[in-house]
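Bear in mind the structure is a predicted one, so any value in this text is a computation, not a measurement. Just so it is clear: chains get the letters A, B, ... in the order the sequence lines come, proteins before strands, and each one is counted from 1.
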Amino acid sequence: MIANIDSPTPEIAFRSEKVDYLCHFSEGQSGTIVDLILEPELQGRLMGMGLFTGTRFRVLQGGNASKTKPSSRPILLAIGNTRIAIGHSIASKILVEK
Amino acid sequence: MDEHNEILAALVGQPNSGKSTVFNYLTGLHQTVANYPGVTVVKKSGHYHDGKRHIEVVDLPGTYSLTSYSQEERVTRDFLLLERPEVVVIVIDASNLRRHLYFVFQLLELQIPLVICLNMMDIAHRRGFSIDIAELEKVLGVPVIPANGRTGEGLEELRRQINIISAKHDHESPVTWKVNYGALEPLIEEFDKILSQKEPLVQDFPTRWLAVKLLENDREARRIIQHHTHDKDWEPLLESCVKKVEDYEKQSGDSPRKTIASSRNTLAETIEKQTVQRTFVPHRNSDTLDLILCHPFLGLISVAAVMFITFQLAFNLADGWTWFPWINEAGVFEWNTPLGVVDSIFSIWIPALLDSCFHLPEGDLHSLIYDGVIAGIGGVLTFVPTIFFIFLFISILEQSGYIARVVVVLDRLMRFFGLHGQSILPMILGGGIVGGCALPAVMATRSMREQRERILTIMVVPLMNCGAKVPVFALLISAFFLEYQGLILAAIILISWTIALIVASVLGKLFIGGEPSPLVIELPTYQVPGLRDMLFTAGLQSWWFVKKAGTIILAVNVFLWVLMYYPRPADPNTDAATQLANSYAAQMGRVFEPASQYAGFDWRDNVALIGGFAAKEVIVSTMATMYGIETENENDEEDNENSTNETEIENDINGIGSVDKPEEENILKEPVDVQGKGLTMELEEIKTDNLDIQGKRLAIRLRAEAGWTPLKAFVFILFVMIYNPCLATCAVIWRETGHIKYMLMTMAYTNGLAFLVAVMVYQLALFLTGHL
Ligand SMILES: Nc1nc2c(ncn2[C@@H]2O[C@H](COP(=O)(O)OP(=O)(O)OP(=O)(O)O)[C@@H](O)[C@H]2O)c(=O)[nH]1
Ligand SMILES: [Mg+2]
């Protein structure tokens with residue numbers, strides 16, 4: 001059987017005002033994943049956990065909107081029913097949109 | 001029905017989906033279950049019978065996807081491709097359907113006989129999800145069995161399906177199922193067509209799956225193609241594939257890998273919409289709880305508090321609170337501690353029973369049985385209650401889902417020392433909270449992807465306080481630091497962590513280099529721990545300990561008894577002190593004494609520590625034998641001389657702990673008649689005084705021993721904490737790192753550091769108290 005779904009072609013709003021790195025998001029903020037700029041292994045793992053381009057998420061804890069003094073705390077994300085903690089070094093390689 | 005009676009069934013799924021729980025139900029075995037992703041690191045097999053059929057079930061490590069980037073993904077994928085199980089049961093979390101479907105698709109594409117165990121239905125219901133099972137089966141084309149691994153609901157049906165599918169397997173090819181990869185389809189079809197022309201490949205692998213894998217730039221897939229064809233024709237195919245992938249990337253601005261993943265995710269989303277309805281959205285209190293437990297400051301306080309409470313409870317249940325009904329030696333009912341009960345069995349009941357049955361005359365055999373075998377086993381078994389309760393509480397922490405939060409809270413700290421938040425689990429398994437085993441802990445590092453942190457973690461895991469070191473600590477705490485049990489235990493934990501972190505940092509910088517890898521961890525749903533799993537975990541660990549006590553430890557103990565009992569003196573009237581002082585063991589211990597005396601250890605302590613090389617459990621039983629045998633040595637002049645010095649030191653040193661009960665001072669001052677009535681009287685004295693005592697005869701004996709002071713006890717604890725890992729752990733370090741050098745490095749630094757720390761602390765304390 002063939003599931004007739006076309007692959008999405010995400011429209012990435014690079015350099016748009018709304019796009020930023022996940023580590024700059026602060027507690028309570030919601031957004032959408034734009035891109036995972038990570039090596040294949042980590043990318044694969046995050047996708048296995050449900051982080052894809054276009055996935056909606058909410059920051060439960062960590063993160064810091066201040067770009068001059070970013071926090072190095074892990075960020076707790078709510079993605080559907082999944083809760084994931086992501087270290088700062090990865091969060092600074094995930095592009096997200098408000 | 002099928003003629004074949006041997007069926008191989010594999011359990012696969014994402015981490016923490018309940019595979020081991022289902023495995024345990026199906027096989028009746030007890031594979032470790034914990035609410036933490038990545039608990040099962042090596043595949044484990046068991047079996048059950050269904051009529052005439054023998055079904056071998058394999059529990060595979062959880063993986064987030066089926067690429068070939070990490071070790072457990074490769075283990076799982078290779079198993080499925082090479083072992084070709086008759087049935088593959090994919091265990092998925094019903095409350096997280098979309099995410100798990102993404103994984104299901106990757107298995108469906110492998111065209112293997114599948115059955116889906118839709119586990120955690122209870123959680124899905126609690127979260128307001130209602131799943132249309134029939135529709136899901138229709139869309140996926142494979143049987144879907146709703147289940148609850150904890151209660152066993154649905155698992156009989158799963159057995160039935162395993163039977164049906166394995167019977168079908170010989171006659172029908174499994175369903176061919178496809179995800180539509182949109183813009184990539186022409187490329188996939190092109191590769192598929194080329195690949196399907198090669199016979200050996202077609203027989204062993206679904207060619208469409210290989211084509212997709214080639215586009216994902218999967219190394220394993222390339223290797224498969226090269227392996228199955230000695231024909232150079234394949235080189236141009238692989239080269240053209242690379243080129244086409246590049247072209248696609250240029251045109252679409254995205255990698256095929258991302259497109260493939262997105263297509264699968266979109267499909268999962270569609271199927272979820274089609275089959276799942278949310279009837280209500282409950283408030284998630286767990287998010288509020290996470291705000292506290294994962295908070296950088298509050299979280300740390302919580303970790304410390306939880307660990308402290310856990311171990312206070314464990315120790316009190318084992319040997320603090322008298323809650324266990326028992327008949328004492330006078331035949332009177334009493335409330336005792338579990339440890340007191342075990343102690344009375346080995347020190348009173350068993351010797352009395354043997355006496356009444358066999359009437360063994362004094363001599364070699366009597367000594368072997370009473371001093372070698374019973375004292376040895378008894379010395380070790382008295383710690384089973386402690387181990388049982390410690391693991392009972394560790395199991396609660398693991399099953400509740402709390403450990404994953406501990407990883408998050410401690411990640412930054414660990415990173416500072418060159419480790420990883422994920423190093424926490426192996427370190428806790430190895431005895432980070434006291435009690436555990438370095439051996440499975442070293443193996444648990446397999447789920448760590450980065451070699452650097454993995455090796456560092458492996459090398460510092462032996463510094464944690466494994467279950468086998470606990471008896472030594474418990475013994476010395478009960479002998480010298482009774483008043484400060486909790487405090488000393490907390491200090492032990494803190495010191496071992498401090499040393500481990502410093503060592504990791506130094507080793508990382510000096511020998512290994514590189515940067516620690518980043519943290520990504522799923523926080524599992526909080527769960528009320530299942531009593532069955534708790535009891536099994538605690539029982540299993542205790543049994544493991546007993547088994548070891550019954551085999552290696554007993555053997556080592558008897559061997560040590562031989563070393564201590566022989567050579568027999570020519571003159572039968574030679575006193576025991578002289579005999580022991582000339583024994584093989586004493587000779588060995590004396591070789592090290594010139595050095596060990598700087599740490600306060602005499603030859604007897606050296607013998608116990610040498611025994612500990614084989615297994616740390618041996619230390620206590622060796623000491624029991626050593627100090628038990630040497631009872632006639634009480635009036636040794638040298639010892640009495642030490643006694644005055646050491647008692648003064650003991651009174652001077654503050655902060656390490658001192659013995660201040662008058663009863664205990666009496667014990668210190670008066671020579672003890674351990675073999676006769678003296679010891680029994682003191683035990684009773686202490687019990688009637690209702691002191692919080694570990695019930696250890698050896699503890700009393702050590703306290704009465706002139707050379708033993710709180711300072712020496714503390715230094716001994718430090719030495720045991722740091723020195724050489726047991727032989728089994730050494731072997732596993734070698735095997736897991738693949739290099740003997742890491743084993744040798746670990747042995748070298750642990751022994752060197754243990755000696756250095758012990759000498760420094762001992763000498764410094766003597767100096768500060770003016771005894772040097
Ligand atoms: N509520 C509920 N909990 C379950 C169910 N099945 C398993 N669990 C719990 O889920 C947790 C994870 O179960 P495991 O069996 O260890 O999961 P696993 O898939 O083997 O995990 P890894 O070995 O880490 O890949 C444990 O706390 C189980 O008690 C279920 O159907 N319902
Ligand atoms: Mg498991």
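- The greatest number of non-hydrogen atom pairs below 4.5 Å with chain A, out of B:Arg98, B:Gln14, B:Lys258, is found for B:Lys258.
- Residues A:Phe57 and A:Val96 form a side-chain contact, since some pair of their non-hydrogen atoms from C-beta on lies under 4.5 Å apart.
- The backbone N or O of B:Arg99 lies less than 3.5 Å from no partner atom in the side chain of B:Asn96, so there is not a single donor-acceptor pair.
- The closest side-chain heavy-atom distance from B:Cys294 to B:Leu523 is below 4.5 Å.
- Between A:Glu27 and A:Gln61, some side-chain heavy-atom pair lies under the 4.5 Å cut-off.
- No side-chain heavy atom of B:Val104 sits under 4.5 Å from any side-chain heavy atom of B:Val142.
- Contact count against chain B (heavy-atom pairs under 4.5 Å) is highest for A:Gly87 among A:Ala78, A:Ala91, A:Gly87.
- Contacts of B:Tyr102 with chain A are made by side-chain atoms alone, with heavy-atom separations under 4.5 Å and no backbone atom involved.
- Interface residue A:Leu36: only backbone heavy atoms are found under 4.5 Å from chain B.
- Your options are A:Leu42, A:Ile84, A:Thr55, A:Asn81, and the one with the most heavy-atom pairs under 4.5 Å with chain B is A:Asn81.
- Annotation: maximal heavy-atom pairing with chain A below 4.5 Å, among B:Asp93, B:Val408, B:Asp287, occurs at B:Asp287.
- Interface remark: B:Arg127 contributes side-chain atoms only to the contact with chain A (heavy atom separation under 4.5 Å).
- For A:Leu77, no part sits under 4.5 Å from any heavy atom of chain B, backbone or side chain.
- Of the atoms belonging to A:Leu76, it is side-chain heavy atoms, and not backbone ones, that fall under 4.5 Å from chain B.
- Between the side chain of A:Arg83 and the main chain of A:Gly80, a donor-acceptor pair closer than 3.5 Å is present.
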